[in-house]
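The structure appears below as structure tokens.
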Amino acid sequence: MTLRIYNTLTRRTEDFQPLEPGRVTMYVCGPTVYGGAHVGHGMSSLVFDIVRRYLVYRGYEVRYAMNYTDVDDKIIQRAKQEGEPPLELAERYIEEYDQQLKALSVLPATVYPRATAEIPYIIDMVARLLEDDAAYVVDGDVYYRVEKDDDYGKLSGRRLEDMHAGARIDVDERKEHPMDFAVWKAAKPGEPAWDSPWGPGRPGWHIECSAMVFHHLGQQIDIHGGGNDLIFPHHENEIAQSESLTGKPFARYWMHNGLMQFSGEKMSRSLGNLISIKAFLEKHEPDVLRMMVLNSSYRHPLTYGDEIVEGAARGLERLRSGLRPALPGATGAPKTETAALAKLAEETRTRFIEAMDDDFNTAAVLGLLFELVRQINQVREVGATNEQMQGTQAVLFELSGVLGLRLKRQEKNLDAGLVLKIFDELRKEIDAEMSQEIRWPTAGGENGNTPQLIDMLLDIRDVLRAKKLWKLTDQIRDGLAKLGVLVEDSAGGSSWRWE
RNA sequence: GGCGACGUGGCCAAGUGGUAAGGCAAGGGUCUGCAAAACCCUCACCACGGGUUCGAAUCCCGUCGUCGCCUCCA
């Protein structure tokens, strides 16, 4: 079986074959850091995180670079407004994005190059483009000459003539062709600038990516990714300038994710219709966004909305239900049931790989995992023990992990004092006689251990339940619910989990 | 105007020639003091109109609609 990837360059799904067997080089365009990131950026990072994780799962050694564009017009403009040095502003947002990626459990890239750290390489490339006559200098700017490139437009499927006709922007008369793009921009007074043979300036947007790829990954890479809004002109231009220099195909597989839609159009900072990652994470746990991404296909647009977020959150909860322990008092499920379960687990692993190999069909994969969850829960219902379920649960956990889902609920740091308050309230309501039957927390004993205190509270609750003292029973459950602890009763006893 | 993607049940969505996975929501049931969870059951003539085929959500043509790119953008 081979992994198959849809390649924007050929518009076909192709067998994946890296340049070097067993090793993959992968470059993804990261954000321009002139402001906070929104969930669309998160989506893109998640898509390629999933790709990367799966490649690793399939045994590849992956060298992964994600860049930060830390100098450009928007950063300069924003910095001026805020009265902050542009590079400091960029640095601030890079740190913020790093944090957010970590929160979203995006694995760290092998390298995080940034434009400003690549200036010597960029200058060298511009110089070589000029030598080759592939670029020309005008007033300190350097432009790439698109007409010199006979296959310009091959990625986006455009012809220069067509674009000429539809050019919407004012044409810069100094350029030989309207589509010529800057590889070096002369600095205006007060702008960040680096010395170059053409005068002080900074890199054009596209050249930095080529330089970073060459420098960190090599002249040819296996996978180049980004949002599909980057196909033209950004990636087209990267190809043009890179291949002019090397004469070799720049990237073998071009992968583009669909864009996040919000309020009927794409979410973007320039349109201002965005949900920031920060705002999202204040309301939802990180894996909810990952679930949204997994439930759709990465190449298609993903619409952001309350109902969809809610659905993703519930789905995540459902996956977790498969990992729950045996019911209290479980005595074992019939062999036929557990044998069928073990068989399904193995089939699921096989089908998981088939689906992921098919251009990362994560939505189909989720379907497989939900099916597995249902079967696990089924055997649990008929009394399976932890031993009987653990093999299958391990498969569920493993495959979810390949998708980057953690499933294990995060332990909360709940102040033990808040739990002790519930004990205090109970004491007031329970008479001396009954109090004898109850084990109360002792000072210096369990006091600091919140989970242990909750367990004790449930023990007390069991005593109360046996006596059918529902008011007190519910008081405990409600009290814990307010602290984010969910109590669930079943025939064999009660259990609790973090909400 | 040019290039491209898409239109599957209330919502998300898989499926690209053999009579529709899965999740959420909804309704019914089991369990249960109540609640929650879990389990079981129910819920689609695949935008529309033609065509090809023994057979189409899946291929072809047309219509309508939505979105992206052509300007900075994940």
Side-chain angles (χ1 to χ4, degrees), chain A residues 8 11 28-32 34 37-48 66 69 72-74 77 153 156-159 161-170 179 205 225-234 236 256-261 264-271 291-292 294-297 299-303 305-319 321-322 324 327 351 355 358 361-371 373-374 376-382 465 468-470 473-474 477-478 481 486-491 494-495 497 499:
Chain A
T8 308
R11 282 145 219 252
V28 173
C29 288
T32 301
Y34 67 89
H38 56 71
V39 288
H41 295 106
M43 172 193 180
S44 196
S45 289
L46 285 168
V47 163
F48 291 104
M66 193 202 84
T69 298
D72 96 314
D73 295 347
K74 289 216 164 146
Q77 189 192 331
S156 55
R158 293 153 209 263
R159 296 176 309 161
E161 309 87 83
D162 294 343
M163 290 187 289
H164 192 26
R168 278 197 258 153
I169 196 92
D170 290 341
M179 282 297 150
W205 177 36
N228 69 16
D229 53 347
L230 296 182
I231 296 173
F232 191 90
H234 184 53
E236 193 70 73
H256 292 99
N257 63 277
L259 302 179
M260 185 79 82
Q261 304 280 130
E265 55 193 342
K266 86 162 171 174
M267 186 179 288
S268 83
R269 293 186 284 201
S270 44
L271 292 170
M291 280 296 282
M292 288 170 61
L294 289 169
N295 187 46
S296 62
S297 53
R299 286 195 276 137
H300 299 323
L302 171 57
T303 306
D306 291 344
E307 205 174 352
I308 291 160
V309 175
E310 183 60 23
R314 301 296 298 265
L316 182 62
E317 210 45 60
R318 180 161 181 78
L319 281 185
S321 75
R324 291 191 197 159
L327 297 174
R351 291 168 66 196
D358 180 18
N361 190 344
T362 53
V365 158
L366 275 192
L368 296 173
L369 296 187
F370 281 124
E371 180 66 25
V373 165
R374 207 176 78 223
I376 293 171
N377 289 341
Q378 221 167 51
V379 299
R380 187 193 294 106
E381 285 295 312
V382 297
R465 283 182 77 206
K468 297 191 192 297
L469 294 168
W470 305 127
T473 305
D474 290 346
R477 187 171 61 198
D478 294 344
L486 206 68
V487 176
E488 295 182 331
D489 298 329
S490 73
S494 324
S495 60
R497 57 189 167 92
E499 195 176 18

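All heavy atoms count here, side chains included; hydrogens, waters and symmetry mates do not. Below, chain A is the first sequence line, B the second, and so on; all start at residue 1. Since we're looking at a predicted model, the values are computed, not measured.
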> B/rG1 C1' sits how many Å from A/Arg159 CZ, rounded?
Replying inline: 13 Å

>> I want to verify a distance call: between B/rU71, B/rG22, B/rA74, whose nearest atom is closest to the A/Met179 side chain?
In response: B/rU71

> With side chains defined as the heavy atoms from C-beta onward, is the minimum distance between A/Arg269 and A/Lys74 less than 4.5 Å?
Replying inline: no

>> Is it true that A/Asn377 and A/Arg380 share a donor-acceptor pair across their side chains at a distance under 3.5 Å?
In response: yes

> Between the base of B/rC12 and the side chain of A/Asn295, is there a donor-acceptor distance below 3.5 Å?
Replying inline: yes

> Does B/rC34 pair with anything, Watson-Crick or G-U wobble, both distances under 3.5 Å, and if so, with which nucleotide?
Replying inline: none

> Where do A/Glu236 and A/Ser156 come nearest, in terms of heavy atoms and distance?
Replying inline: OE1-OG, 2.5 Å

> Starting at CG of A/Leu319 and ending at P of B/rG22, how long is that distance when rounded to a whole Å?
Replying inline: 15 Å

>> To check you understand the geometry: which heavy-atom pair defines the closest contact between A/Cys29 and A/His234, and what is its length?
In response: SG-NE2, 3.6 Å

>> Categorize A/Asn228 for me: base, sugar-phosphate, or nothing, with a 4.0 angstrom heavy-atom threshold over every strand shown.
In response: sugar-phosphate

>> Nearest to the side chain of A/His300, heavy atoms from C-beta on, is which of B/rA74, B/rC40, B/rA5?
In response: B/rA5

>> Over all strands shown, is A/Met260 touching base, sugar-phosphate only, or nothing at heavy-atom distances under 4.0 angstrom?
In response: base

> In the structure shown, which nucleotide is the Watson-Crick or G-U wobble counterpart of B/rA44, with both distances under 3.5 Å?
Replying inline: none

> To the side chain of A/Glu265, which of B/rA36, B/rG23, B/rC67 is closest?
Replying inline: B/rC67

>> Taking the nucleotide of RNA chain B with the nearest heavy atom to each, does A/Gly226 or A/Glu381 sit closer to the 5' end?
In response: A/Glu381

> Can you tell which of B/rA74, B/rA36, B/rC69 lies closest to the side chain of A/Phe232?
Replying inline: B/rC69

>> Between B/rC39 and B/rC48, how far apart are the two P atoms, rounded to whole Å?
In response: 34 Å

>> Apply side chain to side chain contact (heavy atoms under 4.5 Å, CB included) to residues A/His38 and A/His41 and explain how you reach the verdict.
In response: CA-CA 6 Å; A/His38 56 71; A/His41 295 106; 3.2 Å; yes

> Is there a Watson-Crick or G-U wobble partner for B/rG10 with both distances under 3.5 Å, and which nucleotide is it?
Replying inline: B/rC24

> Can a donor-acceptor pair under 3.5 Å be found between the side-chain atoms of A/Arg158 and the base atoms of B/rC69?
Replying inline: yes

> Which nucleotide in the list B/rA74, B/rA13, B/rG22 gets nearest to the side chain of A/Pro31?
Replying inline: B/rA74

> Which heavy-atom pair separates A/Ser45 from A/Met66 by the least distance, and what is that distance?
Replying inline: OG-SD, 4.3 Å

>> Just the rounded figure in Å: distance from P of B/rC3 to CG of A/Leu230.
In response: 22 Å

> Whole Å only: how far is the CD atom of A/Gln378 from the P atom of B/rA37?
Replying inline: 18 Å

> Any donor and acceptor pair, going by atom type alone, linking the side chain of A/Asn361 with main-chain N or O of A/Ala364 inside 3.5 Å?
Replying inline: yes

>> Say we look at B/rA57 and B/rG7: how far apart would their P atoms be, to the nearest angstrom?
In response: 15 Å

> Checking all strands, does A/Ser297 fall into the base, sugar-phosphate, or nothing category for heavy-atom contacts under 4.0 angstrom?
Replying inline: sugar-phosphate

> Going by distance alone, is a donor N or O of one side chain under 3.5 Å from an acceptor N or O of the other, for A/Arg465 and A/Ser494?
Replying inline: yes

> Heavy atoms under 4.0 Å, any strand shown: does A/Val365 hit a base, just sugar-phosphate, or nothing?
Replying inline: nothing

> Would you say the side-chain atoms of A/Thr362 pair up with the backbone N or O of A/Leu294, donor to acceptor, closer than 3.5 Å?
Replying inline: yes

> If you measure from the C1' atom in B/rU8 to the same atom in B/rG1, how many Å do you get, rounded?
Replying inline: 32 Å

> Please give, in whole Å, the distance from B/rA13 C1' to A/Leu302 CG?
Replying inline: 11 Å

> Should B/rC39 form a Watson-Crick or G-U wobble pair with both distances under 3.5 Å, which nucleotide is its partner?
Replying inline: B/rG29

> Taking atom C1' of B/rA25 as reference, at what distance in whole Å does atom CZ of A/Arg318 sit?
Replying inline: 13 Å

>> Can you check the distance between B/rG10 and B/rA44, where both ends of the measurement are the C1' atom (answer in whole Å)?
In response: 12 Å

> What string of B, S and - do you get for nucleotides 27-34 of chain B 5' to 3' if you count protein non-hydrogen atoms under 4.0 Å?
Replying inline: ------BB

>> Could you tell me how far B/rA47 sits from B/rG29 if I compare only their P atoms? Round to whole Å.
In response: 35 Å

>> Under 4.0 Å, counting only non-hydrogen atoms across every strand here, what does A/Met267 touch: a base, just sugar-phosphate, or nothing?
In response: base

>> Let's see if you can work this out: which of B/rC12, B/rC40, B/rA74 has an atom nearest to the side-chain heavy atoms of A/Ser44?
In response: B/rA74

> Of all the choices, B/rC11, B/rC72, B/rG22, which nucleotide is nearest to the side chain of A/Lys74 once you look at every atom?
Replying inline: B/rC72

> Considering all heavy atoms of both residues, which atom of A/Arg318 and which atom of A/Val373 are nearest to each other, and what is their separation?
Replying inline: O-CG1, 3.4 Å

>> Under a 4.0 Å threshold between the charged nitrogen and the carboxylate oxygen, would A/Glu371 count as salt-bridged to A/Arg374?
In response: yes

>> Students often get this wrong, so: under 4.0 angstrom with heavy atoms, is A/Gly264 touching a base, only sugar-phosphate, or nothing?
In response: sugar-phosphate

> Between B/rA5 atom P and A/Lys266 atom NZ, what is the distance in whole Å?
Replying inline: 18 Å

>> Within the 4.0 Å heavy-atom criterion, would you say A/His38 contacts the bases, only the backbone, or no part of the nucleic acid?
In response: base

> Taking atom C1' in both B/rG49 and B/rA13, what distance in whole Å separates the two?
Replying inline: 27 Å

>> Nearest to the A/Arg374 side chain among B/rC11, B/rG22, B/rA25, which nucleotide is it?
In response: B/rG22

> A/Gln261 near the nucleic acid: base, sugar-phosphate alone, or nothing, with a heavy-atom cut-off under 4.0 Å?
Replying inline: sugar-phosphate

> Reckon A/Ser270 touches a base, only the sugar-phosphate, or nothing at all at heavy-atom distances under 4.0 Å?
Replying inline: base

> Of the nucleotides B/rG68, B/rA37, B/rC40, which one has an atom closest to the side chain of A/Glu488?
Replying inline: B/rA37

>> For A/Arg380 and A/Gly315, find the nucleotide of RNA chain B closest to each by heavy atoms; which residue's nucleotide sits nearer the 5' end?
In response: A/Gly315

> When we call it a touch if two heavy atoms are under 4.0 Å apart, what does A/Gly30 touch: a base, just sugar-phosphate, or nothing?
Replying inline: sugar-phosphate

>> Give me the atom names and distance for the closest heavy-atom approach of A/Asp72 to A/Thr32.
In response: OD1-CG2, 3.5 Å

> From the list B/rA14, B/rG22, B/rA25, which nucleotide is the closest neighbour of the side chain of A/Ala363?
Replying inline: B/rA14

> If you measure from the P atom in B/rC6 to the same atom in B/rC59, how many Å do you get, rounded?
Replying inline: 10 Å

> Quick one: is A/Arg269 getting a side-chain N or O under 4.0 Å of the B/rA74 phosphate, OP1 or OP2?
Replying inline: yes

> Roughly how far apart, to the nearest Å, are B/rG33 and B/rA26 at atom C1'?
Replying inline: 27 Å

> Is there a Watson-Crick or G-U wobble partner for B/rU52 with both distances under 3.5 Å, and if so, which one is it?
Replying inline: none

>> When both hydrogen-bonding distances must be under 3.5 Å and the geometry is Watson-Crick or G-U wobble, what is B/rA57 paired with, if anything?
In response: none

> Does B/rA5 have a Watson-Crick or wobble mate here (both distances under 3.5 Å), and if so which one?
Replying inline: B/rU66

> Taking CG from A/Asp358 and P from B/rG15, how many angstroms apart are they, rounded to a whole number?
Replying inline: 7 Å

